[in-house]
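What follows is a short report on a single structure.
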Amino acid sequence: MTAPRVRIAPSPTGPLHIGTARTALFNYLYARHTGGTFILRLEDTDQARSSIAYEKDILDGLHWLGLRWDEGPEVAGEGARGPHAPYRQMERLPSYAEAAARLLAADMAYPCFCTPEELDADRKAKEAAKLPPRYVGRCATLTVEERAARESEGRRGALRFRVGTGVVGFDDIVRGHVEFDVSNLGGDFAIVRADGTPLYHFTVVVDDATMQMTHVIRGEDHLSNTPKHILLFQALGYPVPQFAHLPLILNPDRTKMSKRKSQTAISDYIAQGFIREALVNYLALLGWATGTEEEVLSIDEIVERFKLETVHKGGAVFDRERLEWLNGQWIRRLDPDDLVDRLRPFVEAELAAGRIDWMPSDDELRGLLPIVGERLPTLGAIGDLVGFLWVKDVALDPVTLVPKRWDTTTTRDGLAAAREAIVAVGEVSFEADELEPPLRALAEARGWKAGDLFMAIRVAVTGRTATPPLFDTLVALGRDRVLARLDRALEVLAGA
RNA sequence: GCCCCCAUCGUCUAGAGGCCUAGGACGCCACCCUUUCAAGGUGGAGAUCAGGGGUUCGAAUCCCCUUGGGGGUACCA
């Protein structure tokens, strides 16, 4: 058997969608597992909706996920590659024109001069009669003279493919045998617009054939389109590839995942601090499982285990909580320098947003990792977690400053005493191990619960009730700022 | 409407006739750890395997029907 050739063929009519990324991933996994070739092709024939900005978002996103294509357009400084260039359909027009001419010459397709208004009226009539929509065939039997007459009027026809009669069946790798009666396809369908640009069902077949795809792995939403494609492959004299229709990713209400109901743009997940390892891991486990109890897997481990035959048939609801859990798992697995590199842009974003006043150094960030790593569900949580380290002053209010079991007087008392204890520790011993004993001793001496004292200090120096461990936090802040913030807290309390 | 696909805890899933009094994970709830928050550990609640018929000594697993859900039905992709 020859090595598989598979592809992802996104349409640049929107930012990279979770579903597209998942389909791309499964194609990639299959190619890598089988030693096949993974191809990327841009289906940009919908000129009205396609844009170069979306194209860039898609290419960059797939590249970011680590899904390197063996053949396809340029990305991130890497050139286009592969023997079947170009990889944008609008640059492959001659190839479709040639195929269209062949179908026309063989009378397997014909020009259709129906106007959008006529077609619309037909559709409404069918609907009113409670019949399935279907092209009525008005132009199917036009004589050569009639066609010539219309063309001489300056009318340009769309090209319709003759669907004929019969049954089309195929063996889908994930769904098994599927059959469609051609009479349910909606009549002869258009393959080229009146303006001469080719339509999806046509380009996808011409390209999959000329790029020698062996397997077409795509979303289930294309299952009902498959008979049209098979008819076209056959009419054009091309071998029919194998199909594998993946289950859809669903909104919580179990409809096809959509931007209206879910967050679908990969770029949004990236911006929130999800990392590629987690996204890939999560997406691979939507509609597929190893069959073992392994859950946290690298892309290479997934490649090793992946089988198209064990892909699910039923749709899978996208569960963001599970993604976040996996994200945390992967963040904790990253090596420190790598994590610092990935964290930096998120700290910069905090600065740009004015939520912090200066940028920490890489060394400072790396030093924070032990207390910060296990507290990050996403990289974007960094500012919320320890942003208080990089601001001139924290916002303090007299209510949160007072621990639950304490009153204002006790709090002032406690903070003042804590300040003295911290001063007594001295500058050179300002370390977590040195700070803890005296503060515990202080609490005990005064009959306070250590937790209450610690909470008072925590809020005073960070402005928050939830932070990384207190003594590490004090050290990260530095002696001077700790004392200054304690003083400020005392002032705020004095005013209360 | 018509065509096609699908159906195991709330969610992602294991399960390919006996190993299932249905396993794991997320989430949830307790407890442990603990200065808060996390992380981690332990335990728990949670699925009459959509329902009904078959086939079989035996069915979550095979077949049929019903129900429910989804997708498609464009001169979009």
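So you know, we letter chains A, B, ... as the sequences are listed, proteins then strands, and number each from 1.
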Worksheet, complete the sentence: Here the distance between atom C1' of B:G40 and atom CZ of A:Arg375, to the nearest Å, is 12 Å
Worksheet item: Ring centres of A:Phe161 and A:Phe202 under 6.0 Å apart?
Response: no
Worksheet entry | Residue-level proximity of residues 457-473 of chain A to RNA chain B when a heavy atom falls under 4.0 Å | A:Arg458, A:Thr465, A:Ala466, A:Thr467, A:Pro468, A:Pro469, A:Leu470, A:Phe471
Worksheet item: What residues, two or more places apart in sequence or in another chain, satisfy salt bridge (charged side-chain N to carboxylate O under 4.0 Å, His left out) together with A:Arg22?
Response: none
Worksheet entry | Quiz item: A:Arg175 side-chain donor-acceptor pair to B:C5 base, under 3.5 Å | no
Worksheet entry | Check: B:A25 base within 3.5 Å donor-acceptor of A:Arg322 side chain | yes
Worksheet entry | Euclidean distance for C1', B:C62 against B:U56 (whole angstrom) | 10 Å
Discussion item. Which residues pass the ring-ring contact (aromatic ring centres under 6.0 Å, His included) test with A:Trp325, not counting sequence neighbours?
Written reply: none
Practice prompt. Please report, rounded to the nearest Å, how far the P atom of B:C2 is from the CG atom of A:Asp181.
Written response: 15 Å
Worksheet item: With A:Glu444, which residues qualify under side-chain contact (heavy atoms from CB on, under 4.5 Å), at least two apart?
Response: none
Short heteroatom pairs, N/O only, protein and nucleotides 13-17 of chain B, under 3.5 Å:
residue	atom	partner	partner atom	Å
B:U13	OP1	A:Gly287	N	2.3
B:A14	OP2	A:His312	NE2	2.9

Response to the item:
Residues of residues 444-451 of chain A with a heavy atom under 4.0 Å from any atom of RNA chain B, listed by number, are A:Gly451
Worksheet item: Please give, in whole Å, the distance from B:G69 C1' to A:Asn251 CG?
Response: 14 Å
Worksheet item: Applying a 3.5 Å limit to both distances, which nucleotide forms a Watson-Crick or G-U wobble pair with B:C62?
Response: B:G54
Worksheet item: Just how far, in rounded Å, is C1' of B:C6 from CG of A:Asp172?
Response: 13 Å
Worksheet item: Mind checking who B:C49 pairs with, Watson-Crick or G-U wobble, both distances under 3.5 Å?
Response: none
Practice prompt. Name the nucleic acid region contacted by A:Glu179, choosing base, sugar-phosphate or nothing; use a 4.0 angstrom heavy-atom cut-off, strictly under.
Written response: sugar-phosphate
Worksheet entry | Cationic tip of A:Arg160 above A:Tyr135 ring, under 6.0 Å, 45° of axis | yes
Fill in: Watson-Crick or G-U wobble partner of B:C76, both distances under 3.5 Å
none
Sort me out a list of protein N/O and nucleotides 71-77 of chain B N/O pairs below 3.5 Å, or just none if empty.
residue	atom	partner	partner atom	Å
B:G71	OP1	A:Lys256	N	2.9
B:G71	N2	A:Ser224	OG	3.3
B:G72	OP1	A:Lys256	NZ	2.8
B:C75	OP2	A:Arg160	NH2	3.4
B:C75	O2	A:Ala194	N	2.8
B:C75	N4	A:Cys114	O	2.4
B:C76	OP2	A:Arg193	NE	2.9
B:C76	OP2	A:Arg193	NH2	3.1
B:C76	O3'	A:Arg193	NH2	3.3
B:C76	O2'	A:Asp46	OD2	2.1
B:C76	O2'	A:Arg49	NH2	2.7
B:C76	O2	A:Arg49	NH2	2.8
B:A77	OP1	A:Thr45	OG1	2.6
B:A77	OP1	A:Arg193	NH2	3.2
B:A77	OP2	A:Tyr200	N	2.8
B:A77	O3'	A:Ser11	OG	3.3
B:A77	O3'	A:Glu43	O	3.4
B:A77	O3'	A:Glu43	OE1	3.4
B:A77	O2'	A:Ser11	OG	3.4
B:A77	N6	A:Asn225	OD1	3.3

Show me the donor-acceptor pairs within less than 3.5 Å that the side chains of residues 122-130 of chain A make with the rest of the protein, sequence neighbours left out.
residue	atom	partner	partner atom	Å
A:Asp122	OD2	A:Arg138	NH2	2.6
A:Lys124	NZ	A:Asp120	OD2	2.8

Fill in: Opposite nucleotide pairing with B:A7, Watson-Crick or G-U, both atom distances under 3.5 Å
B:U67
Fill in: By ring-ring contact (aromatic ring centres under 6.0 Å, His included) - contacts of A:Phe233 (at least two apart)
none
Worksheet item: Between atom CD in A:Glu293 and atom C1' in B:C26, what is the gap in whole Å?
Response: 14 Å
Protein-nucleic acid N or O pairs under 3.5 Å, nucleotides 45-48 of chain B:
none

Fill in: A:Phe306: partners by ring-ring contact (aromatic ring centres under 6.0 Å, His included), with sequence neighbours left out
A:Phe26, A:Trp288
Worksheet item: Name the one of A:Arg464, A:Arg375, A:Arg355 that satisfies salt bridge (charged side-chain N to carboxylate O under 4.0 Å, His left out) with A:Asp384?
Response: A:Arg464
Worksheet entry | Qualifying residues under salt bridge (charged side-chain N to carboxylate O under 4.0 Å, His left out), relative to A:Asp253, sequence neighbours excluded | A:Lys261
Worksheet item: Could you state the interatomic distance from NE2 (A:His312) to CG (A:Leu286), rounded to the nearest 0.5 Å?
Response: 10.5 Å
Worksheet entry | A:Glu436 CD - B:U34 P separation (whole Å) | 11 Å
Discussion item. Counting the atoms with a prime plus P, OP1 and OP2 as sugar-phosphate, which does A:Val178 contact under 4.0 Å by heavy atoms, base, sugar-phosphate, or nothing?
Written reply: sugar-phosphate
